[in-house]
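Note that this is a predicted model, so its numbers are computed, not measured. Computed from heavy atoms alone, side chains included, the values below leave out hydrogens, waters and symmetry copies.
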Amino acid sequence: MKVTSYREPKSSFLSMEKDLAIIIDKILANTRLKKLLHYESRDALTKPPLNEDQSLDLIGKKIKIIPKLTVDKEAVTYLVISFDNFIPNNTNPEFRDCKIIFNILCHPDHWNMGNFALRPYKIAGEIDGMLAD
């Protein structure tokens, strides 16, 4: 008698971890975006670049892939990444199309960065520029 070994199911949901890894890699390669998330001051973009430990510390604290926020003593900026609206792909039935959602949560005291620059829109612009193509 032959025992059939376990095979992973064919599901496009299983590729989400790869997609999240690609998105996180792009975020961690963007110096301006990391500064906007790490530094809460108006002059965040003029601050020194984050070192590797500071960059990795963003994951799970300010860059969230699990939509759970904790109440922090400090007013911090969060970037929550999620997927929604999964629909079958008409040209490739092995995959599903979905929306990638970026929720930018920023304390009102940290929105204004001077000269009409608003932190959430700066963050959105960085993300849009990174993932547009």
Side-chain angles (χ1 to χ4, degrees):
M1 180 173 161
K2 182 177 179 185
V3 176
T4 307
S5 63
Y6 174 78
R7 292 184 317 166
E8 286 191 23
K10 288 186 176 183
S11 173
S12 56
F13 289 100
L14 298 174
S15 69
M16 287 177 52
E17 58 196 62
K18 175 185 63 81
D19 297 337
L20 278 170
I22 291 168
I23 292 167
I24 296 295
D25 283 345
K26 286 187 173 281
I27 289 171
L28 293 181
N30 186 315
T31 304
R32 291 182 308 275
L33 180 54
K34 290 188 302 186
K35 286 181 184 183
L36 289 165
L37 292 170
H38 180 75
Y39 299 111
E40 301 296 339
S41 61
R42 280 181 159 209
D43 61 345
L45 293 174
T46 64
K47 298 279 189 181
L50 277 65
N51 63 36
E52 186 175 345
D53 288 338
Q54 290 171 315
S55 296
L56 293 175
D57 198 41
L58 291 173
I59 300 169
K61 290 186 179 176
K62 294 193 174 190
I63 301 170
K64 304 269 191 180
I65 60 172
I66 299 170
K68 178 184 177 189
L69 299 179
T70 56
V71 177
D72 290 303
K73 293 177 185 174
E74 303 171 11
V76 298
T77 301
Y78 294 104
L79 177 61
V80 182
I81 306 166
S82 59
F83 296 84
D84 198 6
N85 294 343
F86 292 90
I87 57 171
N89 182 304
N90 290 332
T91 58
N92 188 345
E94 300 253 340
F95 294 97
R96 296 175 202 253
D97 293 330
C98 68
K99 289 184 182 179
I100 303 171
I101 300 168
F102 296 92
N103 288 299
I104 302 163
L105 306 171
C106 183
H107 191 279
D109 292 346
H110 301 294
W111 272 60
N112 188 353
M113 297 182 69
N115 295 325
F116 302 103
L118 301 175
R119 185 180 306 269
Y121 298 116
K122 283 257 196 221
I123 292 170
E126 291 294 330
I127 294 167
D128 185 49
M130 286 181 336
L131 301 177
D133 293 327

Participant: Ignoring hydrogens, what is the shortest heavy-atom contact between Tyr39 and Pro48? Give both atom names and the distance.
Facilitator: OH-O, 2.9 Å
Participant: Run the side chain to side chain contact (heavy atoms under 4.5 Å, CB included) test against Ala117 and tell me which residues pass, sequence neighbours left out.
Facilitator: Met113, Lys122
Participant: Locate the shortest heavy-atom distance separating Leu118 from Asn112; write the atom from each residue and the value.
Facilitator: CD2-CA, 4.2 Å
Participant: Taking all atoms of both residues into account, what is the closest heavy-atom pair of Lys35 and Leu45, and its distance?
Facilitator: NZ-O, 3.2 Å
Participant: With a 4.5 Å heavy-atom cut-off, do Ile24 and Ile65 have their side chains touching?
Facilitator: yes
Participant: Spell out, as yes or no, whether a donor-acceptor pair under 3.5 Å connects the side chain of Gln54 to the backbone of Asn51.
Facilitator: yes
Participant: Among residues at least two apart in sequence or on other chains, which ones pass side chain to side chain contact (heavy atoms under 4.5 Å, CB included) with Ile27?
Facilitator: Ile23, Leu33, Ile63, Leu79, Ile81, Met130
Participant: Using the side chain to side chain donor-acceptor pair (under 3.5 Å) criterion, which residues pair with Lys34? Sequence neighbours excluded.
Facilitator: Ser55
Participant: For the residue pair Ser41 and Lys47, what are the closest heavy atoms and their distance?
Facilitator: OG-CE, 3.4 Å
Participant: Is Trp111 reaching over with its side chain to a backbone N or O of Pro120, donor-acceptor style, under 3.5 angstrom?
Facilitator: no
Participant: Who are the side chain to side chain donor-acceptor pair (under 3.5 Å) partners of Lys62, not counting sequence neighbours?
Facilitator: Glu40
Participant: Checking Asp57 now: which residues fulfil side chain to side chain donor-acceptor pair (under 3.5 Å) with it, not counting sequence neighbours?
Facilitator: Lys61
Participant: Under 4.5 Å between side-chain heavy atoms, hopping through other hydrophobics if needed: is there a path connecting Ile22 to Leu20?
Facilitator: no
Participant: Would Ile66 end up clustered with Ile100 when hydrophobic side chains under 4.5 Å apart are linked, directly or stepwise?
Facilitator: yes
Participant: Are the side chain of Asp43 and the backbone of Thr46 linked by a donor-acceptor contact shorter than 3.5 Å?
Facilitator: no
Participant: So, using side chain to side chain contact (heavy atoms under 4.5 Å, CB included) as the criterion, who are the partners of Cys98 when residues are at least two apart?
Facilitator: Phe83, Phe86
Participant: If hydrophobic clusters are built by linking Ile, Leu, Val, Met, Phe, Trp and Tyr wherever their side-chain heavy atoms come under 4.5 Å apart, do Met16 and Ile101 end up in the same one?
Facilitator: no
Participant: Would you compute the distance between atom CD1 of Ile87 and atom CG of Asp84 and round it to the nearest 0.5 angstrom?
Facilitator: 11.0 Å
Participant: Drop me the distance from Ile127's CD1 to Asn30's CG, to the nearest 0.5 angstrom.
Facilitator: 9.0 Å
Participant: Picking from Ile104, Thr77, Val76, what satisfies side chain to side chain contact (heavy atoms under 4.5 Å, CB included) with Leu37?
Facilitator: Thr77
Participant: I need the minimum non-hydrogen distance between Arg119 and Ala44, along with the two atoms involved.
Facilitator: NH1-CB, 3.9 Å
